[in-house]
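Report on the structure given below.
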2 protein chains.
Amino acid sequence: MVEDVVRTLGFLCLGSRLRRIGERLQADTQQVIDEAGLSIQAGKYPFLAAIDRSGPLTIGELAQAVGITQPGATRTIGQLLELGFVDMQPAPDDQRRRLVSLTGKGQDLVDHSKMVIWPRIAAAVADLCGDLDGPILEQLAAIEDGLAAVPLARRHAAKEEEA
Amino acid sequence: MVEDVVRTLGFLCLGSRLRRIGERLQADTQQVIDEAGLSIQAGKYPFLAAIDRSGPLTIGELAQAVGITQPGATRTIGQLLELGFVDMQPAPDDQRRRLVSLTGKGQDLVDHSKMVIWPRIAAAVADLCGDLDGPILEQLAAIEDGLAAVPLARRHAAKEEEA
DNA sequence: GAATGTTATATAACGCGTTATATACTCGCG
DNA sequence: CGCGAGTATATAACGCGTTATATAACATTC
């Protein structure tokens, strides 16, 4: 068995480690979505949720809302356009800005997800790390170990089952 | 100002959020490395550190050690080979396995980094989040806010300056 | 009102992770 | 020995982030 250097090095590799855990978590989230029969990628949800919460947004606002750069937002919105979940039209007062809104199909997906899949995911993640506390490195170790022990797709909110 | 949906959605977007923070942290780390005049990318350090700690390792062991998949390790090691930091030769007993070791240049880089740059990075990250405690979402918010307020490159271990 | 600067989006190229698959070597067994 | 199964690495293709730069529309200034 080889030692996990990223974990061993602690603060020195915190960036790598957060990325690694984030990727793992997102892959597990994707599995939950797939098992629910939804045809959407996990990374696209924040865009749909942003529009659902705030109404039509421009590309630039979407980039800000999901915390990525503008070219990244342009690309993902392009994909959502092709998938038919959003619609885009120039802002009436400024032809440079493009207002992105949900289509009926997109709104249906959001509405369905809000009821069925988002609570499921949030509950699974809460089960994984909702009760954690203490220094961040310890929590990250607990999250990594927790995911290895029971993948996200098999988790649900901790109830009083053991009672 | 647009709301940060990833932060707002909490556990639901934890994967995206960890990735995002990890990327930001790693980019800031890169800046520290660049400012120190070193010509190496932050993401390659874990590979060098793994070999430094454990001696020559195969591609597969390196992948395990840094927590990525084998093709990712193959690629990064290919780059380190081109940069002249590592050397690769078939294992004597099994021609399938390739043992990756540090070259003199690679060892020099590691030795120098261990003295000069790694402590600097670890101290900056510790300054950012070493004293944090509590639920993970709160710590992540503190880290994001902290990075926005004072980038990693301008941080150092918190001393009793305020005394 | 034409030149110039600024802002919003798009495009290109790259970094670094992934999965899927090909290839080369080793091992075990008839 | 030779052949099929398994293992280690390499390659290809893609996801999704980045930076740098091009283009189009608006704003300003003389």
Side-chain angles (χ1 to χ4, degrees), chain A residues 2 6 13 15-31 33-34 40-47 56-64 66-83 88-100, chain B residues 2 6 13 15-31 33-34 40-47 56-64 66-83 88-100:
Chain A
V2 186
V6 172
C13 290
S16 291
R17 188 144 174 225
L18 290 173
R19 281 183 48 172
R20 174 172 103 176
I21 299 174
E23 270 153 18
R24 171 75 197 276
L25 203 50
Q26 202 158 347
D28 278 32
T29 300
Q30 187 64 55
Q31 198 188 332
I33 295 170
D34 292 345
I40 181 77
Q41 286 162 299
K44 297 190 167 56
Y45 265 141
F47 291 84
L57 293 172
T58 66
I59 294 282
E61 289 167 337
L62 279 165
Q64 262 193 273
V66 311
I68 64 171
T69 56
Q70 170 262 310
T74 295
R75 185 186 342 188
T76 299
I77 291 302
Q79 294 165 346
L80 288 171
L81 267 169
E82 294 214 341
L83 292 168
M88 190 161 74
Q89 47 188 346
D93 55 319
D94 183 341
Q95 298 287 108
R96 289 171 305 180
R97 311 174 15 161
R98 309 294 170 85
L99 280 171
V100 182
Chain B
V2 186
V6 172
C13 290
S16 292
R17 189 144 173 223
L18 290 173
R19 282 183 47 174
R20 175 172 101 177
I21 299 173
E23 271 153 19
R24 171 74 196 275
L25 204 50
Q26 202 158 346
D28 278 32
T29 300
Q30 187 64 54
Q31 198 188 332
I33 295 169
D34 293 343
I40 181 77
Q41 286 162 299
K44 296 191 168 54
Y45 265 140
F47 291 84
L57 294 173
T58 66
I59 295 281
E61 289 166 338
L62 278 165
Q64 262 193 271
V66 310
I68 63 172
T69 55
Q70 170 263 311
T74 296
R75 185 186 341 187
T76 299
I77 292 302
Q79 293 164 347
L80 287 171
L81 268 170
E82 294 214 342
L83 291 168
M88 189 162 75
Q89 48 188 343
D93 54 320
D94 183 342
Q95 298 286 110
R96 290 170 306 179
R97 310 179 356 144
R98 310 293 170 85
L99 280 171
V100 182

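Computed from heavy atoms alone, side chains included, the values below leave out hydrogens, waters and symmetry copies. Within every chain, numbering begins at 1; the chains are lettered A, B, ... in the order of the sequence lines, protein sequences first and strands thereafter.
- Residues passing the salt bridge (charged side-chain N to carboxylate O under 4.0 Å, His left out) test with A:R17, sequence neighbours excluded: A:E144.
- Taking the side-chain contact (heavy atoms from CB on, under 4.5 Å) definition, one finds that A:Q95 meets it with A:P90, sequence neighbours left out.
- For the pair B:I59 CD1 and D:dT7 C1', the computed distance is 15 Å after rounding to whole Å.
- Rounded to whole Å, the distance from CD on A:Q64 to P on C:dT7 is 14 Å.
- As a whole-Å value, the separation of B:L57 CG from D:dA8 P is 14 Å.
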What does the B/S/- profile of nucleotides 13-18 of chain D look like, 5' to 3', with a 4.0 Å heavy-atom cutoff to protein?
--SBBB

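- Remark: B:Q70 engages B:I59, B:T74 in a side-chain contact (heavy atoms from CB on, under 4.5 Å) (not counting sequence neighbours).
- Straight-line distance from the CG atom of A:L99 to the C1' atom of C:dT9: 13 Å, rounded to whole Å.
- Rounding to whole angstrom units, CG of residue B:L62 and P of D:dT9 are separated by 9 Å.
- Residues forming a side-chain contact (heavy atoms from CB on, under 4.5 Å) with A:A27 (at least two apart in sequence, or on another chain): none.
- Residues meeting the side chain to side chain donor-acceptor pair (under 3.5 Å) test with B:Q30, sequence neighbours left out: B:D34.
- Taking only side-chain nitrogens and oxygens, A:T74 never comes nearer than 4.0 Å to OP1 or OP2 of C:dT9.
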Decide side-chain contact (heavy atoms from CB on, under 4.5 Å) for B:V2 and A:V66; before the verdict, give the C-alpha distance in whole Å, the side-chain angles of both, and the deciding distance to 0.1 Å.
CA-CA 9 Å; B:V2 186; A:V66 311; over 6 Å; no

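- Residues satisfying the side-chain contact (heavy atoms from CB on, under 4.5 Å) test with A:T29, not counting sequence neighbours, are A:I33, A:A42, A:I121, A:L152.
- Nearest heavy atom pair, residue B:I68 against residue B:A73, reads CD1-N, 3.4 Å.
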All N/O pairs under 3.5 Å across the protein-nucleotides 23-25 of chain D interface:
none

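- The ring-ring contact (aromatic ring centres under 6.0 Å, His included) check on A:F47 picks up nothing, with sequence neighbours excluded.
- A search for salt bridge (charged side-chain N to carboxylate O under 4.0 Å, His left out) contacts involving A:R96 returns A:D94, not counting sequence neighbours.
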Polar-atom pairs under 3.5 Å, protein N or O versus N or O of nucleotides 1-5 of chain C: list them with distances, or write none.
none

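- In this structure, B:R98 has no salt bridge (charged side-chain N to carboxylate O under 4.0 Å, His left out) partners at least two apart in sequence or on a different chain.
- Atom-to-atom, CZ of A:R97 to C1' of C:dA8 comes out at 9 Å; the value is rounded to the nearest Å.
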